[in-house]
Amino acid sequence: MDTPNFSFELFPPRTPESAAKLPSVIQKLAAVSPSYFSVTHGACGSDQNGTYDTLLSVVEQTGIETAPHLTCVGSTRANIAAQLDRYREAGVKRIVALRGDLPATAMSASAPGELHYANELVSFIREQHGDYFRIEVAAYPEMHPQAANPAADFENFCRKVEAGADGAITQLFYNADCYFDFVERCDKAGIRIPIVPGVMPITGYANTLRFCTNCGADLPRWMRLRLEQLQHDKDALVDFGIVVLTRLCESLLRNGAPGLHFYTINQSEPSLRLVESLALAVMA
Ligand SMILES: Cc1cc2nc3c(=O)[nH]c(=O)nc-3n(C[C@H](O)[C@H](O)[C@H](O)COP(=O)(O)OP(=O)(O)OC[C@H]3O[C@@H](n4cnc5c(N)ncnc54)[C@H](O)[C@@H]3O)c2cc1C
């Protein structure tokens with residue numbers, strides 16, 4: 001098996017303490033030569049400058065390609081066009097294009113703003129900049145929690161690809177079969193873009209439950225029970241997470257996943273331990 005490609009997702013630091021720690025996190029992550037970094041973007045246009053500033057500091061510090069996430073919910077075409085111009089001027093070549101999470105007040109209504117869904121954002125980027133940007137979109141092997149049903153959600157995914165997405169990054173999941181099922185559906189639909197699994201390292205019991213609940217990912221019962229049992233022994237819990245995720249990632253890569261995108265939550269150690277353990281596993 002070829003050395004797998006890794007990318008690392010960061011978010012703009014929200015406190016002076018986390019801002020002070022970030023350069024060291026970036027440096028450690030950069031040392032394993034990821035294909036690129038990505039930087040998240042608050043929904044409804046919040047923290048645009050945080051994304052931009054973090055992106056610039058990653059590029060300055062590492063020289064590694066860095067992609068901003070760009071959300072359209074609650075925004076205007078003019079605002080999105082201005083952000084795209086600014087990113088292009090800064091040398092950005094790849095964008096992760098998303099609708100963004102709806103504000104709680106709009107959960108049951110259609111998305112506010114001028115572009116309502118990510119496929120409209122992808123079309124807008126293509127209209128404005130042709131093929132200049134490589135565009136990644138989100139994919140949901142277990143269905144987006146607000147979708148009417150799996151078929152409607154998959155049709156939406158196809159619309160994003162038709163609009164011009166070059167690649168997709170999945171929501172986190174802990175069950176490899178949902179990824180293989182999604183890739184099979186893509187194959188039957190003639191979708192050939194790379195679908196890269198999004199990997200969330202396990203760092204705690206409560207936060208793993210929360211992440212899964214928020215994004216509608218299944219946490220297998222046996223894993224939940226083991227994490228619950230280990231919740232007061234952080235080292236043992238993290239070790240358990242490494243073993244489980246190494247097995248998951250190894251299975252994904254051996255069965256055709258084109259790479260892995262790590263949700264680092266601005267910590268270097270959990271993702272790096274996984275990369276290291278995985279490098280050993282795939283070379284064995
Ligand atoms: C890799 C990754 C990175 C992320 N980064 C960020 C980030 O930086 N900032 C952030 O705020 N959030 C981020 N998110 C979360 C994401 O914004 C949310 O999951 C959001 O709720 C959906 O975004 P989307 O781009 O997938 O939306 P869309 O693809 O637009 O889909 C949203 C929902 O609308 C439905 N839908 C789509 N089109 C239609 C239509 N025409 N009619 C009816 N229903 C439709 C879909 O089935 C789905 O349920 C990320 C998610 C992933 C997987």
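Atoms within each ligand, like the ligands themselves, are counted from 1 in listed order. As a basis for the values below, the full set of heavy atoms in this structure was taken, side chains included, without hydrogen atoms, waters or symmetry mates.
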Asp101 N/O under 3.5 Å from ligand 1 N/O: yes
For atom 49 (O) of ligand 1, the option (of His116, His261, His144) bearing the nearest heavy atom: His144
Phe157, Tyr117, Tyr263: member with heavy atom nearest to atom 35 (C) of ligand 1: Tyr117
CA sep, side-chain torsions, deciding dist, call: Ser271, Thr264, side chain to side chain donor-acceptor pair (under 3.5 Å): CA-CA 6 Å; Ser271 297; Thr264 70; 5.4 Å; no
Polar atom proximity, Gly42 to ligand 1 (N or O, under 3.5 Å): no
Distance-only N or O hit between ligand 1 and Glu9, under 3.5 Å: no
Atom indices of ligand 1, in the order listed, that fall short of 4.0 Å to a heavy atom of Thr71: 9 (N), 10 (C), 11 (O)
Aromatic contact, Phe6 with Phe262 (centres under 6.0 Å): yes
Pick from Leu172, Thr40, Leu98, Val39: the one approaching atom 6 (C) of ligand 1 most closely through a non-hydrogen atom: Leu98
Those atoms of ligand 1 less than 4.0 Å from some heavy atom in Ala147: 47 (O), 49 (O)
Structural part of Tyr140 in contact with ligand 1, heavy atom criterion under 4.0 angstrom: side chain
Distance under 6.0 Å and angle within 45° of ring axis: Arg88 vs Tyr132: yes
For ligand 1, the portion of Asp153 having any non-hydrogen atom under 4.0 Å away: both
Atom indices of ligand 1, in the order listed, that fall short of 4.0 Å to a heavy atom of Ala118: 25 (O), 28 (P), 29 (O), 30 (O)
Gln171 neighbourhood, listing ligand 1 atoms whose heavy-atom distance to it stays under 4.0 Å: 53 (C)
Whether Tyr179 side chain and Ile195 backbone form a donor-acceptor pair below 3.5 Å: yes
Location of contacts on Glu136 toward ligand 1, heavy atoms closer than 4.0 Å: neither
Val96 to ligand 1, any heavy atom closer than 4.0 Å: no
Pairs meeting criterion salt bridge (charged side-chain N to carboxylate O under 4.0 Å, His left out) with involvement of residues 227-249, two or more places apart: Asp239-Arg273
Residue Gly100 vicinity, atoms of ligand 1 by number, heavy atom under 4.0 Å: 11 (O), 17 (O), 20 (C), 21 (O), 23 (O)
Taking every non-hydrogen atom, the tightest pair across Leu98 and Ala138: CD2-CB, 3.7 Å
Whether Arg159 lies under 4.0 Å from ligand 1, heavy atom: yes
Contacts of Phe154 that satisfy ring-ring contact (aromatic ring centres under 6.0 Å, His included) - sequence neighbours left out: Phe182
Stepwise salt bridge (Lys or Arg N to Asp or Glu O under 4.0 Å) test for Asp166 and Arg94: CA-CA 10 Å; Asp166 298 295; Arg94 183 193 301 245; over 6 Å; no
Location of contacts on Arg99 toward ligand 1, heavy atoms closer than 4.0 Å: both
Short side-chain donor-acceptor distance under 3.5 Å, Thr54 and Ser57: no
Side-chain donor or acceptor of Ser277 paired with backbone N/O of Val275 under 3.5 Å: no
